[in-house]
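Below is one structure; the comments refer to it alone.
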Amino acid sequence: MINVTLPDGAIRQYESGVSALDIAKSISEGLARKVLAASVNGQVWDATRAITTDVTLKLLTWDDNDGKSTFWHSSAHLMAEAIEAKYPGAKFWVGPAIDKGFYYDIDLGDRKISEEDLAELEKLMNGLAKKSNPYVRKEIAKAEALAYFTEKGDEYKLDLLSNLEDGAITFYTQGDFTDLCRGPHIPNTGFIKAIKLTSIAGAYWKGDEKNKMLTRVYGVTFPNQKELDEYLLMLEEAKKRDHRKLGKELGIYTMDDDVGQGLPLWMPNGTVIIEELEKLAKETEEAAGYQRVVTPHIAKESMYLTSGHLPYYADSMFPPMEMDGEKYYLKAMNCPHHHKIFAAEPKSYRDLPYRIAEYGTCYRYEQSGELFGLMRVRCLHMNDAHIYCSKEQFFQEFKAVNDLYLKYFKIFGIDKYVMRLSLHEPSKLGQKYVNEPELWKETEEMVRKVLIETNTPFVEVADEAAFYGPKIDVQIWSAIGREFTLATNQVDFNSGRKFKLAYTTQQNDTDTPLIIHRAPLGTHERFIGFLLEHYAGKFPVWLSPQQVKVLPISDKYLEYAQQVHQTLRSNGIRASVDDRNEKIGKKIREAELSRVPYMLVVGEKEMTEGKLAVRRQGKGDIGVLPVDEFVGLVRQEIGNRKDSDG
RNA sequence: GCCGUUGUAGCUCAGUGGUAGAGCACUUCCUUGGUAAGGAAGAGGUCGUGAGUUCAAUUCUCAUCAACGGCUCCA
């Protein structure tokens with residue numbers, strides 16, 4: 001007999017060789033029908049695998065993340081079975097579960113899968129699923145596994161096998177499909193009730209662009225149709241929040257073939273938002289001791305050789321233009337220009353920290369395939385600043401920047417994000433990273449200390465630092481699930497020396513300042529793209545391009561409407577009058593759709609009483625107010641940068 | 001940059017080897033209407049661009065540009 005400890009602490013005794021599924025059955029049949037896998041001593045196992053020692057056991061269902069990913073991984077095998085049936089001789093690379101669903105990378109030879117084929121594959125999969133074929137695990141000797149895939153001529157699985165130890169190799173078979181796989185899997189295919197193959201894409205073998213491109217098929221499955229329907233509905237809803245759609249509908253920005261890829265044109269409504277954000281940044285930075293600077297858009301090659309950008313990042317810069325025998329580059333970042341400002345006048349320790357900020361446009365030659373609405377562009381306004389400080393001041397300064405992020409996030413109600421401490425990869429010193437192992441260690445430790453001492457939750461990621469030092473990136477997600485870095489806070493121990501930046505210490509020595517690169521609002525482009533999705537186009541009043549719309553019931557009240565409009569404008573409120581010859585219902589509908597926060601309906605009653613019938617976007621009629629009172633209310637809401645109507 | 005899909009009116013989309021259609025938006029007129037679409041008429045496109053096949057191309061083929069879904073990349 002063995003002892004099985006369950007999550008509630010209860011210890012039950014079973015015969016050795018019992019499976020998690022048997023245990024579930026002993027608890028309840030209903031539970032047994034839901035069990036997808038089991039966590040055995042913290043490891044995810046097949047629910048059907050024999051347990052022969054004392055263990056701690058947790059039964060995993062659809063409600064557990066590990067249960068879901070097992071389900072999706074098994075779904076990938078089911079899809080592979082269907083693909084092998086339809087495309088005999090297809091070779092399979094890997095088919096993992098992902099965040100939402102699964103994919104499988106396949107070499108189809110000369111054949112192609114088209115969108116129409118997906119429906120047919122879904123049908124095949126549904127048929128195979130109904131058979132409720134068990135996923136059978138088999139431990140297999142390496143020699144035998146090698147023989148199996150050599151026979152099959154599958155170089156991909158042979159490649160996987162070459163990295164595996166004998167004794168740690170398992171095959172899984174369901175129906176006619178056998179795959180090299182460490183598992184685990186769900187008990188049988190019958191659990192998979194709803195299937196949607198979502199897309200086809202190319203994917204480099206092993207993620208290396210020098211390798212052959214395989215066909216990747218993405219899909220998602222569910223234990224019932226209802227959840228699939230809900231998922232599809234959610235995708236539809238997400239699409240409505242897509243900043244590219246909203247940006248067009250709300251007149252925020254546009255793109256034009258004649259201007260070029262990744263070069264957004266900011267329309268009047270978008271420009272209002274830019275200016276409000278800059279106002280916020282200026283106020284905040286002024287209060288935090290920053291000074292503003294302005295620098296040119298181009299600079300000579302020599303400066304980028306000094307900065308090290310050319311050897312490390314030439315690929316991301318627009319090619320140079322030649323003038324009088326000199327090469328000039330469009331700036332991809334502001335830092336070198338700012339370093340020159342630091343260097344322009346001698347500095348002493350009394351001048352530090354020296355903080356300079358600029359909202360300048362930068363130009364980056366992003367790969368064409370990577371451009372994405374406002375989120376990834378080739379012309380960007382960075383909310384950039386550089387702080388030059390001593391090592392002693394670093395902690396305080398870096399922390400102040402961190403606090404600045406949090407202050408902004410609060411203003412915008414941003415709560416879903418991840419802070420990533422991005423570290424260097426020692427094996428790439430001298431290639432991707434400046435070759436200063438000691439300084440890397442030291443500065444990484446300094447940054448980590450700030451995060452730990454301020455109790456900021458963060459994750460560490462290797463091999464994602466800037467070439468000149470470690471950084472903190474703030475990660476966010478777009479409405480359709482793509483991941484982006486919103487804000488960034490970087491340490492630079494390299495540029496100070498490269499540019500021979502120096503200050504006189506209190507002891508009358510010379511020292512090199514540490515530099516902090518920071519962009520808490522990231523870029524206008526990405527930040528506004530993010531805000532569009534975050535607010536679903538319903539900006540808080542202070543950011544709204546159009547804050548108030550006056551809607552006269554008919555022409556008879558047009559004059560009064562215009563008076564109100566004047567009053568609003570003279571109070572600094574962005575307002576307009578809908579003076580079209582339309583019914584009030586239509587004016588309201590269109591104002592609602594354009595996301596104007598306040599609508600003022602004015603007719604006979606309002607005109608005689610000098611009042612306004614106020615309507616709030618998304619909320620409807622909120623009552624009648626005297627003009628002055630309404631103006632006061634809106635001015636206050638704008639002044640406070642109130643996040644929403646709350 | 002790579003793989004795949006798409007490209008028709010300002011927007012959303014239908015359609016065809018014989019030089020194009022809907023709804024919304026737009027313009028004009030009627031209507032002066034109290035909280036999410038009042039009515040009528042009109043105007044608007046050489047079907048992304050270039051070449052080829054054909055008596056004839058928006059439709060078929062190729063190239064090219066762009067967008068989209070991924071991969072790679074991302075200071």
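In what follows, every chain begins at residue 1, and chains take the letters A, B, ... in the order their sequences are listed.
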Is [X] touching bases, backbone alone, or none of the nucleic acid, heavy atoms closer than 4.0 Å?
| X | result |
| --- | --- |
| I553(A) | base |
| E606(A) | base |
| A613(A) | base |

### Task
Return yes if a side-chain donor-acceptor contact under 3.5 Å exists between Q261(A) and S368(A), otherwise no.
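Q261(A) vs S368(A): no donor-acceptor pair found between side chains.
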[X] (side chain) donor-acceptor with [Y] (main chain) under 3.5 angstrom:
| X | Y | answer |
| --- | --- | --- |
| K331(A) | P296(A) | yes |
| Y103(A) | V94(A) | no |
| K157(A) | W93(A) | yes |
| E358(A) | A385(A) | no |

#### Entry: Side-chain donor/acceptor of R376(A) to base of rC73(B), under 3.5 Å
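Checked by distance alone, the answer is yes.
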So does [X] get a side-chain nitrogen or oxygen closer than 4.0 Å to the phosphate oxygens (OP1/OP2) of [N]?
| X | N | value |
| --- | --- | --- |
| R589(A) | rU35(B) | no |
| K586(A) | rA25(B) | yes |
| R580(A) | rU28(B) | no |

Contacts under 3.5 Å, N or O only, protein and nucleotides 39-50 of chain B:
none

I need the [atom1]-[atom2] distance between [X] and [N], as an integer number of Å.
| X | N | atom1 | atom2 | result |
| --- | --- | --- | --- | --- |
| E582(A) | rC26(B) | CD | C1' | 12 Å |
| F372(A) | rG70(B) | CZ | C1' | 12 Å |
| E604(A) | rU35(B) | CD | C1' | 17 Å |
| Y468(A) | rC74(B) | OH | C1' | 12 Å |
| E366(A) | rC73(B) | CD | P | 13 Å |
| L235(A) | rG69(B) | CG | P | 12 Å |
| D578(A) | rG33(B) | CG | P | 17 Å |
| L612(A) | rU35(B) | CG | C1' | 14 Å |

Nearest-Å distance once atom [atom1] is located in both [N] and [M]:
| N | M | atom1 | result |
| --- | --- | --- | --- |
| rA22(B) | rA9(B) | C1' | 11 Å |
| rC47(B) | rG7(B) | C1' | 10 Å |
| rU49(B) | rA37(B) | C1' | 38 Å |
| rG48(B) | rA57(B) | C1' | 16 Å |
| rU64(B) | rU6(B) | C1' | 15 Å |
| rU54(B) | rG18(B) | C1' | 12 Å |
| rC11(B) | rA67(B) | C1' | 16 Å |
| rA56(B) | rU16(B) | C1' | 14 Å |

From [options], pick the nucleotide closest to the side chain of [X]?
| X | options | answer |
| --- | --- | --- |
| R615(A) | rU32(B), rG38(B), rU35(B) | rU35(B) |
| I588(A) | rA36(B), rG38(B), rG70(B) | rA36(B) |
| K583(A) | rG38(B), rU32(B), rU35(B) | rG38(B) |

### Task
List the protein contact pattern of nucleotides 2-10 of chain B with one symbol per nucleotide (5' to 3'): B for base contact, S for sugar-phosphate-only contact, - for none; contact means a heavy-atom distance under 4.0 Å.
BBS------
Between [X] and [Y], is there a side-chain N and carboxylate O pair less than 4.0 Å apart?
| X | Y | value |
| --- | --- | --- |
| R244(A) | E249(A) | no |
| K240(A) | E533(A) | no |
| R378(A) | E366(A) | no |

### Message
Quick check: on RNA chain B, is the nucleotide nearest Y218(A) upstream (toward 5') of the one nearest K248(A), or the reverse? Name the residue that is more 5'.
### Response
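Counting from the 5' end, the first nearest nucleotide belongs to K248(A).
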### Nearest-nucleotide comparison on RNA chain B, the residue closer to the 5′ end among Q261(A) and M333(A)
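So the residue in question is Q261(A).
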### Message
As an exercise, state the distance from CG of L277(A) to OH of Y408(A), rounded to the nearest 0.5 Å.
### Response
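L277(A) CG to Y408(A) OH: 9.0 Å, rounded to 0.5 Å.
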### Query
Is it true that the NZ or CZ of R615(A) lies under 6.0 Å from the centre of Y598(A)'s six-membered ring and within 45 degrees of the ring axis?
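The answer is no; the distance or angle limit is not met.
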### Message
Looking at every heavy atom in both L250(A) and S594(A), which two are closest together, and how far apart are they?
### Response
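Looks like CD2-O, 3.9 Å.
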Would you list the atom pairs, donor with acceptor, under 3.5 Å between side chains in residues 516-524 of chain A and any protein atom, with sequence neighbours excluded?
from	atom 1	to	atom 2	distance (Å)
H517(A)	ND1	H386(A)	NE2	3.0
H517(A)	NE2	D492(A)	OD2	2.8
R518(A)	NH1	E285(A)	OE2	3.4
R518(A)	NH1	Y290(A)	OH	3.4
R518(A)	NH2	E285(A)	OE2	3.0
R518(A)	NH2	N383(A)	O	3.1
T523(A)	OG1	R526(A)	N	3.0
H524(A)	NE2	E278(A)	OE2	3.0

### Task
State which residues pass side-chain contact (heavy atoms from CB on, under 4.5 Å) with I298(A); sequence neighbours excluded, sorted by chain then number.
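With sequence neighbours excluded, I298(A) shows a side-chain contact (heavy atoms from CB on, under 4.5 Å) to M321(A), Y328(A), L330(A), given in chain and number order.
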### Query
Any stems for RNA chain B, made of 3 or more Watson-Crick or G-U pairs in a row, each with both distances under 3.5 Å?
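Stems for RNA chain B, defined as runs of 3 or more consecutive pairs: B:1-7 with B:65-71, B:10-13 with B:21-24, B:26-30 with B:38-42, B:48-52 with B:60-64.
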### Query
Is the shortest heavy-atom distance from the side chain of M333(A) to the side chain of Y304(A) under 4.5 Å?
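Side-chain contact under 4.5 Å: yes.
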### Query
Do E464(A) and H424(A) come close enough that some side-chain heavy atom pair is under 4.5 Å?
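Counting from C-beta outward, E464(A) and H424(A) never come under 4.5 Å.
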### Query
What are the residues of residues 90-109 of chain A, sorted by number, that bring a heavy atom to within less than 4.0 Å of RNA chain B?
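Those residues: none at all.
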### Query
Given Y388(A) and H338(A), is the side-chain hydrogen bond (donor to acceptor under 3.5 Å, both in side chains) satisfied, shown in steps?
CA-CA 10 Å; Y388(A) 303 81; H338(A) 288 186; 5.3 Å; no
